[in-house]
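Numbered from 1 within each chain, the chains take letters A, B, ... in sequence-line order. All of these numbers come straight from a predicted model, not from anything done at the bench. Any value given below was found using the heavy atoms of this structure, including those in side chains, with hydrogens, waters and symmetry copies removed.
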2 protein chains.
Amino acid sequence: MDNDIVMEVFQLQAELCKSLGEPKRLMIIHELRKGARSVGQLAGSLNLKQCTASQHLALLRKTGVLSAHREGSTVYYSLITPKIADACDSIREIIIEKLKRNHLLTSVI
Amino acid sequence: MDNDIVMEVFQLQAELCKSLGEPKRLMIIHELRKGARSVGQLAGSLNLKQCTASQHLALLRKTGVLSAHREGSTVYYSLITPKIADACDSIREIIIEKLKRNHLLTSVI
DNA sequence: TTAGTATATTAATATATTCTTATATTATCG
DNA sequence: CGATAATATAAGAATATATTAATATACTAA
């Protein structure tokens, strides 16, 4: 139980959470649940500029959420592990339950 | 499947994740797993200034992570639901597994 | 090699966050 | 009531983040 390591884990955990703390990046993760997508595909489907998408993807890659592989001139991004998407889903559930409790949501999304 | 509501959920989800994206706040959540704690207790055990602790707690309260109740002049904070701590744990697991894969961690924390 | 397409990077600006000091609020006790 | 304790809020400085336009790199095909 080395205290420095514990602190380091909290730090990394915070960086990961922070990288999840942006709507567009959550949408990217949501989209990648369905499978690998190229930068252009994501920019298109999420209505992002190419450079914005690329920067979000680079960040998510840096924090260990995504991996990338190149096929020709196209770069495909994928979730490193479905556990990330699961964690996002569980947070999403908390939000949805809260909305339901406050009668701000009637049907399941 | 109202698109505005979907976007709203992503927004709220991002705000929640962002509020988890700070090491001190993760430590607060970790500490509160054990039960309710006062501002002063948390400031003491996590080595935070009183006002810093109070601000972090206010933010976590605003994003729906924590609830507060007063007993006399003391305010106790608690996790709204253990699901939050569970989500944090699952993210923590992802970090720890990654450290292990990279041989940066030998024993379980 | 040149033109064209897909990504990535850089630099600048605008906005947001964190921490600190100082001050304010709320409650208890004498 | 005044003094003290616990917590909250405000304002400011330092740092970080998100977005954009412009440019650079990587690859393909002619």
Exercise. Answer yes or no: is there an ion pair linking Lys62(B) with Glu15(B), defined by an N-O contact shorter than 4.0 Å?
Key: no
Practice problem: Answer yes or no: is there an ion pair linking Arg33(A) with Asp86(A), defined by an N-O contact shorter than 4.0 Å? | Solution: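 Answer for the salt bridge query: yes.
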Nucleotide nearest [X] (side chain, heavy atoms from C-beta), chosen from [options]:
X	options	result
Gln55(A)	dT21(C), dT20(D), dT18(C)	dT20(D)
Val75(B)	dT9(D), dT7(D), dC19(C)	dT7(D)
Ser73(A)	dC27(D), dT17(C), dC19(C)	dC27(D)

Self-check item: The single option from Lys24(A), Arg25(A), Arg61(A) passing side chain to side chain donor-acceptor pair (under 3.5 Å) against His56(A)
Solution: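 The passing option is Arg25(A).
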Exercise. Give a yes or no on whether the backbone of Ser38(A) and the side-chain of Gln41(A) come within a donor-acceptor separation of less than 3.5 Å.
Key: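 Pair found, side chain donor or acceptor close to backbone of Ser38(A).
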Can you find a side chain N or O atom of [X] that sits less than 4.0 Å from OP1 or OP2 on [N]?
X	N	result
Thr52(A)	dT20(D)	yes
Lys49(A)	dT19(D)	no
Arg25(A)	dA18(D)	yes
Tyr77(A)	dA6(C)	no
His56(A)	dT19(D)	yes

Self-check item: Approximate separation, where rounding is to 0.5 Å, of Ile91(A) CD1 and Leu12(B) CG
Solution: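 These two atoms lie 12.5 Å from each other.
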Quiz prompt | Pair of N/O donor and acceptor under 3.5 Å linking dA8(C) base with Gln50(A) side chain | solution = yes
Practice problem: By nearest nucleotide on DNA chain D, pick out whichever of Leu57(B) and Cys51(A) is the more 5' one. | Solution: Leu57(B)
Practice problem: Tell me which of Gly72(A) and Tyr76(B) sits closer to the 5' end of DNA chain D, going by the nucleotide each one is nearest to. | Solution: Tyr76(B)
Exercise. Could you say whether Lys18(A) or Thr74(A) is positioned toward the 5' end of DNA chain C, judged by the nucleotide with the nearest heavy atom to each?
Key: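 Closest to the 5' end, via its nearest nucleotide, is Thr74(A).
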Exercise. Classify the nucleic acid contact of Glu22(A) as base, sugar-phosphate or nothing, counting any heavy atom under 4.0 Å across all strands shown.
Key: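 Answer is sugar-phosphate: Glu22(A) comes under 4.0 Å of backbone atoms only.
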Quiz item: Base, sugar-phosphate, or nothing for Ser54(B), non-hydrogen atoms under 4.0 angstrom?
Solution: base
